[in-house]
Number of protein chains: 2
Amino acid sequence: MEEEKRQHLLDDFFKKCRQLKLSVTPQRLAIYKALIADDTHPSPEKIYRAIRSDFPTISLATVYKTLETLEKNGIISVVTPIHNTVRYDAMTEHHHHIVCVRCKKIMDLESKELDALKIPDVVAKQNRLVDFSVHFNVICSECLEKEKAETQIK
Amino acid sequence: MEEEKRQHLLDDFFKKCRQLKLSVTPQRLAIYKALIADDTHPSPEKIYRAIRSDFPTISLATVYKTLETLEKNGIISVVTPIHNTVRYDAMTEHHHHIVCVRCKKIMDLESKELDALKIPDVVAKQNRLVDFSVHFNVICSECLEKEKAETQIK
DNA sequence: TTACCTGCAAAAGGTTTGCAGGCTA
DNA sequence: TAGCCTGCAAACCTTTTGCAGGTAA
């Protein structure tokens, strides 16, 4: 990430925290700075290690809580999108996925059109492409039904 | 999944196991059957619960080991593609990801072209689309370099 | 028969929770 | 000052490992 962009994110960070009435504690700031300083999409553990030299007493739980808070407030986002357990699939051929963000159901999607996606040049310019897939986050029909039913009760 | 497809997968299962010299134990078969009977891409835990009535003494560790073996042999595949820890990103705007399957590095990719992807009708027909992203698995340039260096040593 | 596979138990991550005290706004 | 935030400890959940005995081919 370019220095300019980093500075911009940092400015936004203060702005958003003020708006959302989130305290800007030294720890939070350090966690956020560590995140924008690391282009590899670090894990909580990696962020923890990065700021430990400046905050020797900080706890990993604080890092988790802070990241969760920032995420819930839309200031940062989670990359591993699906869930916290491994999920298996009997289909080994190439296909795509539709994931319900409510009930966590994962559905397969076969699509010749998506398979034929034009791959941006940067992807294969320096790296060797292994495969790719498209991932749709949705609220599934069942969850929509449930939501509707609950709204009517009220 | 249609019954026909299931039967086909099951036939393939026996064939592949024979080819790969993997024993077809009752437990393995049960695990595989449970996987193809469940269209929601179950977790090891869910498969374990599904077969426990038939194999009351089976251990969760066996389910894990079996799924890992089948996955390594290309008989099944893992859905949660990235890794077993959460990864965060300071960019909250819509973007795509390039993931190195070797070093687990995750890189951001912004692409108006990908954003403009034609979404298959089935996706939004019954579900409410929240968002989507394209996920490229690659071997990154650094890992390719490393690989090359190691090959030369041999 | 032999190598692989299972089941148990324990350990090893990774993540979450509760609470007392401290700090930000 | 009030409410939020931190740090500690413990719990929890998922996954991995080692090993002894059992079973498929």
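Each chain gets a letter, A, B and so on, in the order its sequence line appears, and its residues count up from 1. Keep in mind that the numbers below use all heavy atoms, side chains included, and drop hydrogens, waters and symmetry copies.
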J.: Let's see if you can work this out: which of C/dC4, D/dG7, C/dT6 has an atom nearest to the side-chain heavy atoms of A/Ile58?
T.: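 Within the option list, the nearest is D/dG7.
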J.: side-chain contact (heavy atoms from CB on, under 4.5 Å) for A/Ile75 and A/Cys17? Distances and angles first, verdict last.
T.: CA-CA 9 Å; A/Ile75 297 175; A/Cys17 285; 4.2 Å; yes
J.: Salt bridge or not between A/Glu3 and A/Arg6? Use side-chain N to carboxylate O under 4.0 Å.
T.: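 The answer is yes: the pair qualifies as a salt bridge.
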J.: Before giving the answer on side-chain contact (heavy atoms from CB on, under 4.5 Å), spell out for A/Thr66 and A/Tyr32 the whole-Å C-alpha distance, their side-chain angles and the decisive distance to 0.1 Å.
T.: CA-CA 9 Å; A/Thr66 302; A/Tyr32 188 75; over 6 Å; no
J.: Hey, could you give me the SG/CD1 distance between B/Cys140 and B/Ile106, rounded to the nearest 0.5 Å?
T.: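 Rounded to the nearest 0.5 Å, the SG-CD1 separation comes out at 12.5 Å.
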J.: Any ion pair linking A/Lys146 and A/Glu142 (charged N to carboxylate O, less than 4.0 Å)?
T.: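 Salt bridge absent between A/Glu142 and A/Lys146.
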J.: In whole Å, I'd like the distance from the OH atom of B/Tyr48 to the P atom of C/dT6.
T.: 14 Å
J.: If you check every side-chain atom of A/Gln27, which of C/dG7, D/dG7, C/dC5 has the closest atom?
T.: D/dG7
J.: Ignoring backbone atoms, establish whether B/Thr62 has a side-chain N or O less than 4.0 Å from OP1 or OP2 of C/dG7.
T.: yes
J.: Could you give the distance from CG (B/Leu60) to OH (B/Tyr64), rounded to the nearest 0.5 Å?
T.: 5.5 Å
J.: Could you work out which one of C/dC5, D/dT6, C/dT16 sits closest to the side chain of A/Tyr64?
T.: C/dT16
J.: Could you give the CG-to-P distance, from A/Asp54 to D/dG7, as a whole number of Å?
T.: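 Roughly 13 Å, once rounded to whole Å.
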J.: By nearest atom, which of the nucleotides C/dT16, C/dT6, D/dC4 is closest to the A/Ala61 side chain?
T.: C/dT16
J.: C/dT15 C1' sits how many Å from A/Ile47 CD1, rounded?
T.: 14 Å
J.: With the side chain counted from C-beta on, respond yes when A/Leu144 and B/Asn127 share a heavy-atom pair under 4.5 Å apart, and no when they do not.
T.: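 The answer is no, as the side chains (C-beta and beyond) never meet within the 4.5 Å cut-off.
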J.: For the pair made of CG in A/Leu67 and C1' in D/dT6, what is the distance, rounded to whole Å?
T.: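 Rounding to the nearest Å, CG of A/Leu67 and C1' of D/dT6 are 14 Å apart.
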J.: Determine whether any donor atom in the side chain of B/Lys65 lies under 3.5 Å from an acceptor atom in the base of D/dG18, or the reverse, and answer yes or no.
T.: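 For B/Lys65, whose side chain was compared with the base of D/dG18, there is a donor-acceptor pair (under 3.5 Å).
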J.: On DNA chain C, does the nearest nucleotide to B/Leu22 precede the nearest nucleotide to B/Thr57 from the 5' side, or the other way round? Give the residue.
T.: B/Leu22
J.: Pick base, sugar-phosphate or nothing for B/Thr25, based on heavy-atom distances below 4.0 Å to the nucleic acid.
T.: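 Here B/Thr25 touches the backbone only, sparing every base.
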J.: For the helix from C/dT1-D/dA25 to C/dA25-D/dT1, what angle lies between the axis at the first five pairs and the axis at the last five pairs, to 10 degrees?
T.: 50°
J.: Side chain of B/Pro26 only, please: which of C/dT15, D/dA24, C/dC5 is the nearest?
T.: D/dA24
J.: C/dC4 P sits how many Å from B/Leu20 CG, rounded?
T.: 13 Å
J.: Check every strand shown and say whether B/Thr69 touches a base, only sugar-phosphate, or nothing at a heavy-atom separation below 4.0 Å.
T.: nothing
J.: Using only heavy-atom distances, decide whether a donor-acceptor pair under 3.5 angstrom links the side-chain of A/Lys21 to the base of D/dG3.
T.: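 In this structure, the two groups form no donor-acceptor pair.
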J.: Measure from the side-chain heavy atoms of A/Val24 and tell me the nearest of C/dA25, C/dG7, C/dC5.
T.: C/dA25
J.: I need the NZ-C1' distance between B/Lys72 and C/dC4, as an integer number of Å.
T.: 15 Å
J.: Without decimals, in angstroms, what is the distance between B/Arg28 CZ and C/dA3 P?
T.: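 The answer, rounded to whole Å, is 17 Å.
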J.: Starting at atom CZ of B/Arg52, determine the distance to atom P of C/dT6, rounded to an integer number of angstrom.
T.: 16 Å
J.: Which of parallel (below 30°), tilted (30 to 60°) and perpendicular (above 60°) describes A/His41 and B/His97?
T.: perpendicular
J.: Hey, which sits more toward the 5' end of DNA chain D by its nearest nucleotide, B/Glu68 or A/Thr66?
T.: A/Thr66
